[in-house]
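All chains are named by letter (A, B, ...) in the order of the sequence lines, taking the proteins before the strands, and each is independently numbered beginning at 1. None of these values were measured; they are calculated from a predicted model.
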Amino acid sequence: MIITCKRATELLSQQLERPLHFGEKVSLKCHLLVCRGCTNFGSQISVLRELSREYQRQQGKD
Amino acid sequence: MSDQIDQAEIAELRQQMLKFAMLQLRDEQLAEDAVQEALLGALKNIEHFQQRAQVKTWVFGILKHKIVDVLRAQKRQLNLSELAEPNTMEQLMFDRREHWQSGEAPQAWHCPAASALSADFWQVFETCLTHLPEAQARLFMMREFVELEADEICQLHNISHSNLYVMLYRARIRLRECLTNKWFQEV
């Protein structure tokens, strides 16, 4: 049930490629409830995805 | 008529495409070829398009396909030796119990909407991308720029899903770190 920060960040990254299994989801959620650092990490790698999309839009316009 | 693309605009579009292709192919000749083919293909059908924005979106769509074709043709060239190297980044981030080292836990970014970021920011973004180890950069861009699914990338480069996950994880860690240091100063 208890996962490390390293594991939590790995799952946060993999979540962008595949749906997590039930067990993974639960342990990640529990970890994030008590870990501000991993929560920030998760939102920042999602921002990386948004930035990549926006970067392409920038390329494709005037 | 004012909506139609003129020569100067095509030249500028070509430059933007070249930059985009170079980031992903890292080879001037290959990038030139991909851009050339995409442009030729696009110009053949240009009369069907009324508006510039449409043309650009469409041309970049074609360019993405060309880039995938080039990468497919040279798939053996993806150098996965990076995988075997110990990841110094991870060692710096986490302690022996695999929790954040003191002072390393990510602080919130003060990030406006992506569309509101300045030209200076995008310069930094490109710099951080070019600083990624080559295989990480390629896989990250295939996933986030060309927007291929994990399955397609694994097939294309003949790598396992777990290797792909590791490489994307490392790319994200580095990019996050680079952008934090160079732009989103943690307070």
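Using a 4.0 Å cut-off between charged side-chain N and carboxylate O, A:E17 and B:R172 make a salt bridge. For A:R7 and B:E98, the salt-bridge test fails: no basic side-chain N is under 4.0 Å from an acidic carboxylate O.
Only the side chain of B:F125 has a heavy atom closer than 4.5 Å to any heavy atom of chain A. Residue A:T9 touches chain B through both its backbone and its side chain, counting heavy-atom pairs closer than 4.5 Å. Heavy atoms closer than 4.5 Å to chain A are found in the side chain of B:F94, but not in its backbone. For chain B, no part of A:L12 is nearby; none of its heavy atoms comes within less than 4.5 Å. Of the atoms belonging to A:C38, heavy atoms from both backbone and side chain fall under 4.5 Å from chain B. In this structure, the portion of B:L23 lying under 4.5 Å from any heavy atom of chain A is its side chain and not its backbone.
Here the straight-line distance linking atom OG of A:S43 with atom CH2 of B:W109 works out to 8.5 Å at 0.5 Å rounding. Taking CG of B:L117 as the reference point, atom CG of A:L51 lies at 6.5 Å (rounded to 0.5 Å). Interatomic distance, B:L179 CG to A:L48 CG, rounded to the nearest 0.5 Å: 6.0 Å. A distance of 7.0 Å separates CD in B:Q107 from CG in A:N40, rounded to the nearest 0.5 Å. Between the OG atom of A:S52 and the CZ atom of B:F145 there is a distance of 4.5 Å, given to the nearest 0.5 Å. Here A:L16 contributes atom CG and B:E144 contributes atom CD; the two are 6.5 Å apart, rounded to the nearest 0.5 Å.
Counted within 6.0 Å of CD on B:E28, heavy atoms from surrounding residues, nucleotides or ligands total 12 or fewer; the atom is thus considered open. Counting non-hydrogen atoms of other residues, nucleotides and ligands closer than 6.0 Å to NE2 of B:H161 gives a total above 12. Taking a 6.0 Å sphere around CZ of B:R26, one finds it holds more than 12 heavy atoms contributed by other residues, nucleotides or ligands.
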*Could you please spell out the steps behind the side-chain hydrogen bond (donor to acceptor under 3.5 Å, both in side chains) verdict for B:E126 and A:Y55?*
CA-CA 9 Å; B:E126 276 175 22; A:Y55 179 74; 2.8 Å; yes
_I'd like to know whether B:F184 forms a side-chain contact (heavy atoms from CB on, under 4.5 Å) with A:Q44, so could you lay out the CA-CA distance, the side-chain angles of the two residues, the decisive distance to 0.1 Å, and finally the verdict._
CA-CA 11 Å; B:F184 302 110; A:Q44 288 163 6; over 6 Å; no
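Connection of A:F41 to B:L92 is not established within any shared hydrophobic cluster, with ILVMFWY side chains joined at heavy-atom distances below 4.5 Å, either directly or through further cluster members. By the criterion of side-chain heavy atoms lying less than 4.5 angstrom apart, applied directly or through intervening Ile, Leu, Val, Met, Phe, Trp or Tyr residues, B:M22 is not grouped with B:L132; the two fall into different hydrophobic clusters.
Under the 3.5 Å distance criterion, with hydrogens and angles disregarded, no donor-acceptor pair is assigned to the side chains of A:E10 and B:Y165.
Contacts of residues 32-40 of chain B with chain A at a heavy-atom distance below 4.5 Å are absent; not one residue qualifies.
B:A105 and A:G37 make their closest contact through CB-CA, 4.1 Å (heavy atoms, listed as atom of the first residue, atom of the second, distance).
When each of A:Q14, A:E50, A:R36 is checked for heavy-atom pairs under 4.5 Å with chain B, A:Q14 comes out on top.
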